Amino acid sequence: MLFFENDYGEGAHERILERLRETNYEKLPGYETDRYCAQAREKIKKACDCPQGEVFFLAGGTQTNAVVIRSLLRPYEGVLAAKTGHISCHEAGAIEYTGHKVLELPEHQGKLQAREVEAYMKKFYGDESHEHMVFPGMVYISHPTEYGTLYSKEELEELYSVCAAYKLPLYVDGARLGYGLMSRETDVTLPILARCCDVFYIGGTKVGALCGEAVVFTKKNAPEHFMTLVKQQGALPAKGRLLGIQFDTLFTEGLYLELGRRAIETAELLKEAFRKNGYTFYLESPTNQQFLLLEDNQARQLSEEVCFSFWEKPDETHTIVRFVTSWATEKEDIEKLEKLLERCRKNAG
């Protein structure tokens with residue numbers, strides 16, 4: 001079977017595994033107080049051109065979203081997010097489980113629009129009964145989005161300006177950030193992202209690490225005793241070194257961006273293979289996630305030899321599916337897929 005189901009199906013990049021092996025018997029303090037975590041923090045801050053940044057390591061994306069959002073919200077507040085946002089539809093209600101409502105807004109190919117956030121805030125405070133409602137306390141976006149789309153620098157600046165006007169922290173989920181940064185169609189860099197939000201995280205789990213996400217509070221604005229809040233929610237590993245060593249490696253000699261570039265290159269080849277064989281794209285994604293609109297029989301036929309993700313049913317006879325490349329996808333994988341697509345096309349003809 002060919003595998004294009006997700007970008008976390010492989011283990012970890014060999015340089016990370018080698019560093020973990022080399023340091024395995026070192027005696028180090030726990031709870032992210034070791035020298036590798038310290039080194040990784042400094043490298044991340046330098047890469048973000050954010051010397052005032054505060055960096056923390058957590059194990060996974062859902063855990064990170066739940067901890068960060070809960071730490072920033074008051075008990076009566078909720079978080080604004082796109083209807084298709086990850087916290088809205090793919091985290092099993094993890095945010096609501098913390099006691100905070102996800103306040104859904106319209107999505108535009110997965111993205112929020114600044115003008116609609118502003119309109120929501122005006123409508124909320126224009127309602128004389130708003131004291132009886134869930135207050136919007138922050139804004140959540142992901143970059144890339146659930147549909148592999150990207151915010152431009154201008155879009156981020158506009159959104160951040162609206163957030164600042166209403167004193168709403170802007171939080172960016174960067175589970176696949178490495179792939180967004182290396183897209184050929186982006187004008188967003190790590191320093192730009194750090195300037196245009198209050199907190200974001202750099203995803204490692206989906207970009208070459210065994211596990212791990214690096215949370216960056218960008219304005220020396222981490223909640224008081226944030227690490228205590230992390231531990232209170234069961235998210236502080238005793239062996240913090242495992243996260244520090246991985247991020248220290250990812251941010252040495254540009255490895256993180258290199259892994260992102262690899263996935264983008266194979267995603268471009270994948271897109272071309274589908275186009276050459278007459279397949280229809282659901283939307284145009286400039287990242288490693290590609291969404292196709294297939295006839296149901298096409299989806300069934302491909303699923304016999306390829307692993308990919310079901311996304312949604314737009315009607316009774318079609319299925320939207322997702323193909324994903326990763327840092328470990330090889331060009332040979334794309335060549336095998338292309339031969340399969342050619343065979344399917346000939347059989348259909």
Side-chain angles (χ1 to χ4, degrees), residues 1-10 82-86 89-90 106-111 142-152 155 175-176 178-187 206-207 259-349:
M1 291 287 284
L2 294 172
F3 188 88
F4 294 96
E5 186 174 359
N6 58 54
D7 40 20
Y8 46 89
E10 297 89 2
K83 185 177 181 180
T84 54
H86 199 65
C89 58
H90 284 142
E107 56 86 21
H108 302 271
Q109 293 196 331
K111 296 190 287 187
S142 61
H143 184 80
T145 71
E146 286 296 278
Y147 283 99
T149 52
L150 296 170
Y151 288 87
S152 67
E155 287 172 326
R176 293 185 168 92
Y179 305 129
L181 294 172
M182 295 311 293
S183 169
R184 295 181 177 128
E185 298 181 26
T186 191
D187 60 354
K206 295 173 180 174
V207 193
L259 297 183
R261 182 187 63 78
R262 291 187 195 178
I264 295 300
E265 287 180 350
T266 51
E268 292 296 328
L269 294 174
L270 182 144
K271 288 165 72 173
E272 184 59 26
F274 276 112
R275 286 198 181 100
K276 282 169 57 177
N277 287 282
Y279 284 82
T280 301
F281 285 84
Y282 175 63
L283 51 72
E284 283 294 325
S285 164
T287 60
N288 68 317
Q289 299 182 85
Q290 298 300 318
F291 296 85
L292 292 119
L293 178 65
L294 303 181
E295 295 179 1
D296 288 347
N297 64 323
Q298 286 180 309
R300 282 192 295 270
Q301 187 177 22
L302 285 176
S303 68
E304 293 175 2
E305 299 186 57
V306 188
C307 290
F308 52 86
S309 297
F310 166 85
W311 211 248
E312 60 185 273
K313 287 281 294 177
D315 57 47
E316 292 183 357
T317 61
H318 292 83
T319 302
I320 298 170
V321 301
R322 183 186 72 168
F323 278 70
V324 186
T325 60
S326 82
W327 58 273
T329 303
E330 299 287 348
K331 291 182 180 179
E332 289 78 7
D333 299 323
I334 308 298
E335 291 169 359
K336 291 176 183 177
L337 175 65
E338 185 168 8
K339 289 178 181 177
L340 171 61
L341 297 177
E342 289 173 355
R343 188 167 77 244
C344 289
R345 176 171 54 81
K346 290 175 181 176
N347 290 341

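Remember, predicted model here, so these are calculated numbers, not experimental data.
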Practice task
Indicate, with yes or no, if the rings of W311 and H90 have centres closer together than 6.0 Å.
Solution key: yes
Handout entry: Within 6.0 Å of NZ in K336, more than 12 heavy atoms from elsewhere
Key = no
Practice task
Taking only Lys NZ, Arg NE, NH1 and NH2, and the carboxylate oxygens of Asp or Glu, determine whether E284 and R275 approach each other closer than 4.0 Å.
Solution key: yes
Handout entry: Interatomic spacing from NZ in K83 to CD in E107 - rounded to 0.5 Å
Key = 8.5 Å
Problem - Aromatic contact, F291 with Y282 (centres under 6.0 Å) - result: no
Practice task
Would you confirm whether Q290, through its side chain, and S285, through its main-chain N or O, come within 3.5 Å as a donor-acceptor pair?
Solution key: yes
Handout entry: E295 side chain reached by R300 side chain, heavy atoms, under 4.5 Å
Key = no
Exercise for the section: Using atom types as modelled and distance alone, determine if a side-chain donor or acceptor of S183 lies under 3.5 Å from a backbone N or O of P286. Expected result: yes
Fill in the blank from the handout: Value for CD (E146) from CD (Q289), rounded to nearest 0.5 Å, stands at 7.0 Å
Handout entry: Donor-acceptor contact present, side-chain T266 to main-chain R262, <3.5 Å
Key = yes
Completion exercise
Correct closest heavy-atom pair for N288 and A263 would be CB-CB, 4.2 Å
Handout entry: Residue pair V207 / R176: nearest heavy atoms and the distance that separates them
Key = CG2-CA, 4.5 Å
Exercise for the section: Using a strict 4.0 Å threshold on nitrogen-to-oxygen distance, state whether K339 and E335 make a salt bridge. Expected result: no
Exercise for the section: Mark yes or no for whether T319, through its side chain, and L294, through its backbone, hold a donor-acceptor pair below 3.5 Å. Expected result: no
Practice task
State, with a plain yes or no, whether a side-chain heavy atom of R184 is found less than 4.5 Å away from one of E268.
Solution key: yes
Problem - Heavy-atom closest contact (T325 atom, A267 atom, distance) - result: OG1-CB, 3.5 Å
Handout entry: Least distance between heavy atoms, T145 atom then G110 atom
Key = CG2-O, 3.6 Å
Problem - From T329, V324, L302, residue fulfilling side chain to side chain contact (heavy atoms under 4.5 Å, CB included) relative to F4 - result: T329
Exercise for the section: Kindly compute the distance separating NE2 (H108) from OG1 (T149), expressed to the nearest 0.5 Å. Expected result: 11.5 Å
Exercise for the section: Tell me, please, whether Y179 has K206 positioned over its six-membered ring: NZ or CZ under 6.0 Å from the ring centre and within 45 degrees of its axis? Expected result: no
Problem - Chi angles and distances behind the side chain to side chain donor-acceptor pair (under 3.5 Å) call for T317, D296 - result: CA-CA 6 Å; T317 61; D296 288 347; 5.8 Å; no
Problem - Output field: ring centroids F308/F323 closer than 6.0 Å - result: yes
Fill in the blank from the handout: Distance col, row F3:CZ vs D333:CG, nearest 0.5 angstrom, shows 11.0 Å
Handout entry: Parallel, tilted or perpendicular, as decided by the 30° and 60° cut-offs, for the rings of H143 and Y151
Key = tilted
Completion exercise
Between E10 and S326, the two heavy atoms sitting closest are OE1-OG, 3.1 Å
Problem - L150/E185 under side chain to side chain contact (heavy atoms under 4.5 Å, CB included): CA gap, chis, key distance, verdict - result: CA-CA 9 Å; L150 296 170; E185 298 181 26; 5.6 Å; no
Handout entry: Spatial distance of atom CD1 (I320) from atom CZ (F310) [nearest 0.5 Å]
Key = 8.5 Å
Practice task
Please confirm whether the backbone N or O of E5 pairs with a side-chain atom of S309, one donor and one acceptor, at under 3.5 Å?
Solution key: yes
Exercise for the section: Taking all heavy atoms of E312 and all of Y147, pick out the closest pair and write down the distance. Expected result: OE2-OH, 2.7 Å
